[in-house]
Amino acid sequence: MSERAIDCWLTDMDGVLIGEDRALPGAVELIDQWRANGTPFLVLTNNSIYTPRDLSARLTRLGIDVPEDRLWTSALATAAFLRDQAPGGSAFVIGEAGLTTAIHEAGFVMTDIAPDFVVLGETRSYSFEAITRAIRLINGGARFIATNPDVTGPSPEGPLPATGAVAALITAATKREPYYVGKPNPMMFRSAMNKLGTHSERTGMIGDRMDTDVIAGIEAGLHTVLVMTGIATREEIEHYPFRPREILNSVADLLQK
């Protein structure tokens, strides 16, 4: 499938559109082009801390005009999954506004008394008391869900423990593995396509990581594009048994001339 056959796009945010609080080459122009042409697209992120409104405001500050309804987070994907699994259910949630808002809007009751699910997401300050409560609820029968498996996240001072690391702690205490909804689970891409009403055969995925974006895109049946503005290096690509359909220097290479 050629790039020209793609009429719908999913794109990662960090390392593709932005990096270190600046717009990456071609990002402003590509989003403007998609919007001008009426191209269906969603900007994806595994980060569950922020609401789409927060993320839209952050991108706007960097000159990238992405409306709230064009953003799809692991929190939104998790809420959609929970709504499908147990409509009107209940959950004990560890996370920030991005996750709690999404789960509330999915029609869930948030409680620490006999919930259907324990849902773990990203937060700036993990509470020992909340983790202890999660462990006891999971041992009591609650199903364990996590937004994404990333074990560390970036900060100006260096790596921070993230959802995957705290999930490992809970797993060690409960012997129960979580179900991860976010990348590299291709479900996140499928739920994004459901939101857009598009089909995998004509959808492209742009990412900067082989181990999440590209593998999940391949498993979801998408046209995969890896850009060299984020995590991946050309040397690293050779270590994987799979390949993206395209490798580009940046999203600027996708601009229509």
Side-chain angles (χ1 to χ4, degrees), residues 6-18 24 27 30-31 34-35 38-60 62 64-85 93 95-108 119 121-122 145-150 153 162-163 179-200 202-209 212-225 227 230 251 254:
I6 304 303
D7 53 23
C8 172
W9 287 97
L10 307 177
T11 177
D12 192 24
M13 187 171 71
D14 293 292
V16 176
L17 301 180
I18 60 173
L24 290 169
L30 184 63
I31 295 295
W34 286 344
R35 296 191 69 194
T39 301
F41 75 92
L42 283 176
V43 176
L44 276 60
T45 177
N46 251 4
N47 191 314
S48 66
I49 290 179
Y50 303 105
T51 66
R53 182 175 299 177
D54 298 331
L55 295 171
S56 178
R58 178 188 176 194
L59 290 167
T60 298
L62 302 179
I64 306 173
D65 190 8
V66 179
E68 288 180 45
D69 65 353
R70 296 297 90 186
L71 286 148
W72 191 244
T73 70
S74 64
L76 293 172
T78 298
F81 169 75
L82 293 176
R83 184 173 56 234
D84 180 65
Q85 287 283 301
V93 181
E96 301 270 347
L99 183 58
T100 56
T101 300
I103 290 178
H104 175 75
E105 291 180 350
F108 265 62
V119 184
E122 213 76 56
I145 307 293
T147 56
N148 62 291
D150 304 57
T163 307
Y179 180 73
Y180 291 108
V181 176
K183 299 179 293 183
N185 188 341
M187 176 180 288
M188 185 165 175
F189 293 168
R190 294 194 185 105
S191 62
M193 287 187 286
N194 287 342
K195 177 178 170 64
L196 291 174
T198 57
H199 192 278
S200 60
R202 301 188 67 84
T203 302
M205 170 63 204
I206 311 166
D208 71 312
R209 295 183 67 121
T212 55
D213 304 316
V214 172
I215 185 60
I218 290 171
E219 291 181 355
L222 307 181
H223 178 91
T224 50
V225 178
V227 293
V251 293
L254 288 170

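Remember, it's a predicted structure, so these values are computed and weren't measured experimentally.
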Non-hydrogen atoms of [X] and [Y] that approach each other most closely:
X: P67; Y: D65; value: CD-O, 3.8 Å
X: P149; Y: P184; value: CG-CD, 3.6 Å
X: T224; Y: V214; value: CG2-O, 3.8 Å

Mutual orientation of the aromatic rings belonging to H223 and W9 [parallel < 30°, tilted 30-60°, perpendicular > 60°]: perpendicular

Just by distance, do the side chain of [X] and the backbone of [Y] share a donor-acceptor pair under 3.5 Å?
X: S56; Y: V66; value: yes
X: N46; Y: K183; value: yes
X: S48; Y: A75; value: no
X: D84; Y: F81; value: no
X: N185; Y: Y180; value: yes

Intermediate values then yes/no, side-chain contact (heavy atoms from CB on, under 4.5 Å), V251 and V16: CA-CA 7 Å; V251 293; V16 176; 3.6 Å; yes

pair Y179-Q85: side-chain heavy atoms closer than 4.5 Å: no

Inter-residue atom distance [X].[atom1] - [Y].[atom2], 0.5 Å rounding:
X: L42; Y: T198; atom1: CG; atom2: OG1; value: 8.0 Å
X: K195; Y: L10; atom1: NZ; atom2: CG; value: 12.0 Å
X: I64; Y: R58; atom1: CD1; atom2: CZ; value: 9.5 Å
X: T203; Y: D7; atom1: OG1; atom2: CG; value: 7.0 Å
X: S191; Y: W72; atom1: OG; atom2: CH2; value: 5.0 Å
X: T11; Y: L17; atom1: OG1; atom2: CG; value: 4.5 Å

Candidate list E68, R70, M13, test side chain to side chain contact (heavy atoms under 4.5 Å, CB included), partner L55, passing option: M13

